[in-house]
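Notes follow the structure.
The sequence lines fix the lettering, A, B, ..., with proteins before strands; numbering per chain opens at 1.
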There are 2 protein chains.
Amino acid sequence: MDGRTPAPEGIDADARLDRDTSNCSIARTLEIVGEKWTILILREIFYGSSRFGEFERVLGCPRNLLAARLRMLVEEGILATETYQVPGSRSRPKYVITPRGMDLIPAVLGLLQWGDRYRADPEGPAMLTRHHGCGAPVGVEVRCEAGHAVAAEDIESLPGPTFRLRKAG
Amino acid sequence: MDGRTPAPEGIDADARLDRDTSNCSIARTLEIVGEKWTILILREIFYGSSRFGEFERVLGCPRNLLAARLRMLVEEGILATETYQVPGSRSRPKYVITPRGMDLIPAVLGLLQWGDRYRADPEGPAMLTRHHGCGAPVGVEVRCEAGHAVAAEDIESLPGPTFRLRKAG
DNA sequence: CCCCTGAGTTTAGTATCTAGTACTCAGTCG
DNA sequence: CGACTGAGTACTAGATACTAAACTCAGGGG
């Protein structure tokens, strides 16, 4: 295979190049989380932030973008708003992650893991992640439903139920 | 827990908000693959594309950006150039994925999996992935080095070797 | 009543990115 | 020689993002 991953089964080269990628799940996910700051907001949520001012302070991002990203994440059901109240102040909104948002954690952890491996300082990464139960470091793995660990080379792609070709033109 | 993931152990709230995030592995990974088109180029590599014209045709992205993204991916060691030659033409460059690039597959598969779950058409996704060995669908899982499957709630974060605070100011 | 705080919105100027087209360049074919 | 092809580069217009500051809004406190 000269360094390439396996080409999709059951698609000839023309169909592969003529396929309609508008319903690609990767593209659709990136429409939501692919803009600058969005993944970093999720990182801060993951590390325990929940208030507008906390995100602004630790990320250093423009308030208008922060507001726009938070709105998008809430609209998409990845975050939800609740209220908090410190004594002597009125109640204010905070942002909490939903189950739908939790399901993005493997993707974010995948980015973290790659960065730890290839882009960390020689002394190691800034943050470590470990299993609350046993204390061992955590990572993401590719596995099949039969429970086997799957190497990247052994992942096979094939057309799914909504595979389609572009309109001729 | 009120819907939040565990805050990092061993960091008080001030330190969390004052920490220097410039060496965060997620941010560093996004510096490379966080720009528009980059992940989609990797998707096409994964599906078997390798030539400039193939990426352009199937992605429909501007040629100058495609050239810039490919250059970045090669500089970062995620792709490498080789040459190909069709009979009767001169040799031309093509792009192949490196082991370093292969290690991004879990992150990309994480995005794919989330999109399949929450953003696919009702009839299903456009593409399926399965294990070449046994044919079962593949996905990404969070696991610890001790081999346990780890739920998102059981991931614990703590300061690593290069954790640091921002300069006061 | 006025000031304070946190969470935004609005506005304005600048920088960067994106899209789309036009152009270049190197070899091959007729 | 001139046309053709794939892989880019160059250029221009428009969108988006960044910086920075001012402004709004709803309570609470002095």
- Message: Holding to salt bridge (Lys or Arg N to Asp or Glu O under 4.0 Å), I want the full list of residues that pass it with B:Asp20, two or more places apart in sequence or in another chain.
- Response: B:Arg164
- Item | Residues that A:Arg117 engages under salt bridge (Lys or Arg N to Asp or Glu O under 4.0 Å), provided they are two or more places apart | B:Asp103
- Within the distance-only criterion (no hydrogens, no angle test), does the side chain of A:Thr81 pair as donor or acceptor with the backbone N or O of A:Lys94 below 3.5 angstrom? no
- Is it true that a side-chain atom of A:Thr98 and a backbone atom of A:Gly101 form a donor plus acceptor pair closer than 3.5 Å? yes
Residues which pass side chain to side chain donor-acceptor pair (under 3.5 Å) with [X], listed by chain and number, not counting sequence neighbours:
X       : value
B:Arg63 : B:Glu56
A:Thr29 : none
A:Glu76 : B:Arg119

- Message: Just to be sure I understand the geometry, which residues of residues 26-43 of chain B put a non-hydrogen atom under 4.0 Å away from DNA chain C?
- Response: B:Lys36, B:Trp37
- Message: Under 4.0 Å, heavy atom to any atom of DNA chain C: which of residues 57-79 of chain B qualify?
- Response: B:Pro62, B:Arg63, B:Asn64, B:Leu65, B:Arg69
Table of protein N/O atoms under 3.5 Å from nucleotides 27-30 of chain D N/O atoms:
from, atom 1, to, atom 2, distance (Å)
D:dG28, O3', A:Gly88, O, 2.9

- Report the residues that fulfil side-chain contact (heavy atoms from CB on, under 4.5 Å) with A:Ile39, sequence neighbours left out, ordered by chain and then residue number. A:Val33, A:Val108, A:Leu111, B:Ile26, B:Leu30
- Kindly write out the residues that satisfy side-chain contact (heavy atoms from CB on, under 4.5 Å) with B:Ala146, not counting sequence neighbours, or none if the list is empty. A:Cys134, A:Ala136, B:Cys144, B:His148
- Task: Evaluate salt bridge (Lys or Arg N to Asp or Glu O under 4.0 Å) for A:Glu54 paired with B:Arg16, printing each intermediate quantity in order.
- Result: CA-CA 10 Å; A:Glu54 289 178 331; B:Arg16 177 169 59 74; 3.7 Å; yes
- Task: Just call it for A:Phe55: base, sugar-phosphate, or nothing, with non-hydrogen atoms closer than 4.0 Å on any strand.
- Result: nothing
- Task: Determine which pairs satisfy ring-ring contact (aromatic ring centres under 6.0 Å, His included) with at least one residue from residues 11-34 of chain A, sequence neighbours left out, and list them in order.
- Result: none
- Task: Taking heavy atoms of chain A and a 4.0 Å limit, find me the 5'-most and 3'-most nucleotide of DNA chain C within that range.
- Result: C:dT5 to C:dT11
- Between A:Asp121 and B:Arg28, is there a salt bridge with N-O shorter than 4.0 Å? yes
